[in-house]
Amino acid sequence: MSEETFPEPIQIPLATAKEWEKRYQDDTTVEDPKNKVKSYLIPRESLEFVLQLEADAVRAYIGINDQGEKTLLFVGAKFDKETGQYIDVYGPPASQQNRSAAEEIVYDGVRSCPPY
């Protein structure tokens, strides 16, 4: 990925990351501080699957799963030079059992911290 297609630096110093994290934790306008998610535990397998897609980047959508937990949903994103935008790229069906052949896959598996 180049700085042309992703205009902000993709690597930042740890001190800057800690500052951004603290800014988020101190922000009470986002949600109730006692229920605020601090981070996500991401299984390696979720990342490996999405990185196998023909994509230039990974997009993480925010969702709430059936257990009421906040989660991140990963899809690939391919840069379209004509539009100048990233287009979502989904995975193939995990298996044909109980799935339609056309059903595309989004990768989950993250767990919010706390409690994990």
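- The line from CG of Asp88 to CD of Glu104 is 10.0 Å long, rounded to the nearest 0.5 Å.
- For the atom pair Leu53 CG and Ile105 CD1, the distance stands at 10.5 Å (nearest 0.5 Å).
- Here the shortest heavy-atom pairing between Val37 and Lys70 reads CG2-CD, 3.6 Å.
- Other members of the hydrophobic cluster containing Val75, listed by chain and number, are Tyr61, Leu73, Tyr90, Val106; membership follows side-chain contacts under 4.5 Å among ILVMFWY residues, whether direct or relayed.
- Hydrophobic cluster membership differs between Ile64 and Tyr40, with clusters built from Ile, Leu, Val, Met, Phe, Trp and Tyr side chains linked at under 4.5 angstrom.
- Residue Ala57 comes nearest to Tyr86 through the heavy atom pair CB-CE2, 4.1 Å, listed as atom of the first residue, atom of the second, then distance.
- Between Asp108 and Thr71, the side chains place a donor N or O and an acceptor N or O closer than 3.5 Å (distance only, hydrogens not considered).
- A distance of 6.0 Å separates CD in Gln85 from CD1 in Ile87, rounded to the nearest 0.5 Å.
- With hydrogens and angles ignored, the 3.5 Å screen pairs a side-chain donor or acceptor of Asn65 with a backbone N or O of Glu69.
- Residues Ile62 and Ile42 fall within the same hydrophobic cluster, defined by Ile, Leu, Val, Met, Phe, Trp and Tyr side chains chained together at heavy-atom separations under 4.5 Å.
- Between Ala55 and Gly76, the shortest heavy-atom distance links the atoms CB-CA, 3.8 Å.
- Other residues, nucleotides and ligands place no more than 12 heavy atoms under 6.0 Å from the CD atom of Glu45.
- In this structure, Tyr107 and Gly91 approach most closely via the heavy-atom pair OH-CA, 3.5 Å.
- The minimum heavy-atom distance linking Glu21 with Lys38 is given by the pair OE2-CE, 3.1 Å.
- Heavy-atom contacts from other residues, nucleotides or ligands closer than 6.0 Å to CD of Gln67 number more than 12.
- The minimum heavy-atom distance linking Asp56 with Phe79 is given by the pair OD2-N, 2.7 Å.
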Could you pull out all donor-acceptor pairs under 3.5 Å where a side-chain atom in residues 109-116 meets a protein atom, sequence neighbours excluded?
none

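- Atom OH of Tyr24 and atom OG of Ser39 lie 10.0 Å apart (nearest 0.5 Å).
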